[in-house]
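The structure appears right after this line, and notes come after that.
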Number of protein chains: 2
Amino acid sequence: MQLSCINYVCNMSEALKTILKSHNLRITDCRMDVLRYFLDKKGALSQGNLENRFTQYDRVTLYRTLNSFLEAGILHKIPNESGTATYGLCHDTCTPEYHLHNHIHFKCNNCGQIECLDDEEAPSVSVPKGYVTERVNLIVDGVCAKCV
Amino acid sequence: MQLSCINYVCNMSEALKTILKSHNLRITDCRMDVLRYFLDKKGALSQGNLENRFTQYDRVTLYRTLNSFLEAGILHKIPNESGTATYGLCHDTCTPEYHLHNHIHFKCNNCGQIECLDDEEAPSVSVPKGYVTERVNLIVDGVCAKCV
DNA sequence: TTTTTTGATGCAATTAAGTTGCATAAACTA
DNA sequence: TAGTTTATGCAACTTAATTGCATCAAAAAA
């Protein structure tokens, strides 16, 4: 199941379950809610965002939910300067073994929102002789379309 | 005074003082030691690194030293996934008003060292219509030349 | 369906990072 | 040197990240 197709699926709950199952994760209320929230929001979220949204769950549970999604390859961590970890949905092509995120992360300096610009390919990067590139993370900040 | 020339200067202490003065910072032991350490190490450092190295200074003092260097434009913050802020020396061309860091930050997944690859220009990045780019941060991870 | 096994959750508690206020000490200025 | 400005150390607080453990729920087996 491709994550980007989820909103066209009639039965959202069934779709969420399929996603969790396909990543070998048990189906729980917390995971269903968090996954649905990520799909709705489309932007990146921090643990703090989840704590505000889902007060019915313990913050440790949310912490472990994020971690299990990270390990499963459903989410990826987005580097930033603030010190607070933010997470974004992985591309459909990601598997637990092979994460590929050569898209751009955009942070709006006005509204603070972080988005994954999936349609913009990150350019290729050259590193000095002797260095081996594994992953490329591109973070652009500025003003997003909504705030201009 | 160009920071990259510092190691060719005969009198290191005088050079450090000149750098601090030119950024309108008072000359103190802590600032001298921290600045010298950054110049020696060449790589990026976290507050924790400084706390381990300079046990004679209070951690709040080191925290404020890093902040004053940030504001002065001597250091820049490097975004990363770990949640711990890391700092690198600014290019010679940086001023407090105008920071430009379109070089690559490289994090070695083996030794954990973060470096600024000043010689590698970051490629230009295109963002979707309606978005305005202010800064570009490029973080590459992999294996550095020493660890290959 | 019931039982068993495996894994998730909530709570308590700890560690570490980031941050502020304030009194004192040191650096700069006149 | 005297006076002014700023840095430092200490105490304290906030928040994020993290672990252990008992309990509870989900999946698998019977």
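Here is how names work: the chains are called A, B, and so on, in the same order as the sequence lines, proteins then strands, and each is numbered from 1.
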Test side-chain contact (heavy atoms from CB on, under 4.5 Å) applied to B:Arg31 and B:Leu25, step by step: CA-CA 9 Å; B:Arg31 287 174 180 171; B:Leu25 292 174; 3.9 Å; yes
note: A:Lys17, atom NZ; D:dA26, atom P; distance rounded to Å ~ 10 Å
Within the 6.0 Å centroid threshold, strictly below: A:Phe38 and A:Tyr87: no
With DNA chain C as reference, determine whether B:Arg26 or A:Arg26 sits nearer its 5' end, using the nearest nucleotide of each. A:Arg26
Once you round it to whole Å, what is the distance between P of D:dG9 and OH of B:Tyr57? 8 Å
Between D:dT6 atom C1' and B:Asn67 atom CG, what is the distance in whole Å? 15 Å
So, is B:Thr65 close to the D:dA7 phosphate, meaning a side-chain N or O under 4.0 Å from OP1 or OP2? no
Need one value for A:Arg59: base, sugar-phosphate or nothing, where a base atom within 4.0 Å counts as base even if backbone is also close, heavy atoms only. base
May I have the distance from A:Asp58 (atom CG) to D:dA22 (atom P), rounded to whole angstrom? 17 Å
Once you round it to whole Å, what is the distance between C1' of C:dA16 and CG of B:Asn52? 12 Å
Under 4.0 Å between a side-chain N or O of A:Tyr63 and OP1 or OP2 of D:dT18? yes
Describe the nucleic acid contact of A:Glu51 in one word from base, sugar-phosphate, nothing, applying a heavy-atom distance below 4.0 Å. nothing
Residues A:Glu51 and A:Arg59 bridged, charged N to O under 4.0 Å: yes
To the nearest 0.5 Å, what is the distance between CG on A:Leu50 and NZ on A:Lys41? 10.0 Å
Let's test your reading of the model: under 3.5 Å, does the base of C:dG10 pair with the side chain of A:Arg64 as donor and acceptor? yes
Do any side-chain nitrogens or oxygens of B:Thr61 fall under 4.0 Å of OP1 or OP2 in D:dG9? yes
d(CD, B:Glu71; P, D:dA7) in whole Å: 10 Å
Does A:Arg31 have a side-chain nitrogen or oxygen under 4.0 Å from the phosphate oxygens OP1 or OP2 of C:dA8? yes
Within the structure, does a side-chain N or O atom of A:Gln47 lie under 4.0 Å from either OP1 or OP2 of D:dA16? no
How long is the line joining CD of A:Glu81 and C1' of C:dA17, in whole Å? 17 Å
Can you see whether B:Tyr131 engages A:Glu115 through a side-chain donor-acceptor pair at a distance of less than 3.5 angstrom? yes
May I have the distance from B:Met32 (atom CE) to C:dC28 (atom P), rounded to whole angstrom? 10 Å
Side chain of B:Thr28 (C-beta onward), nearest among D:dT8, D:dC10, C:dT9: D:dT8
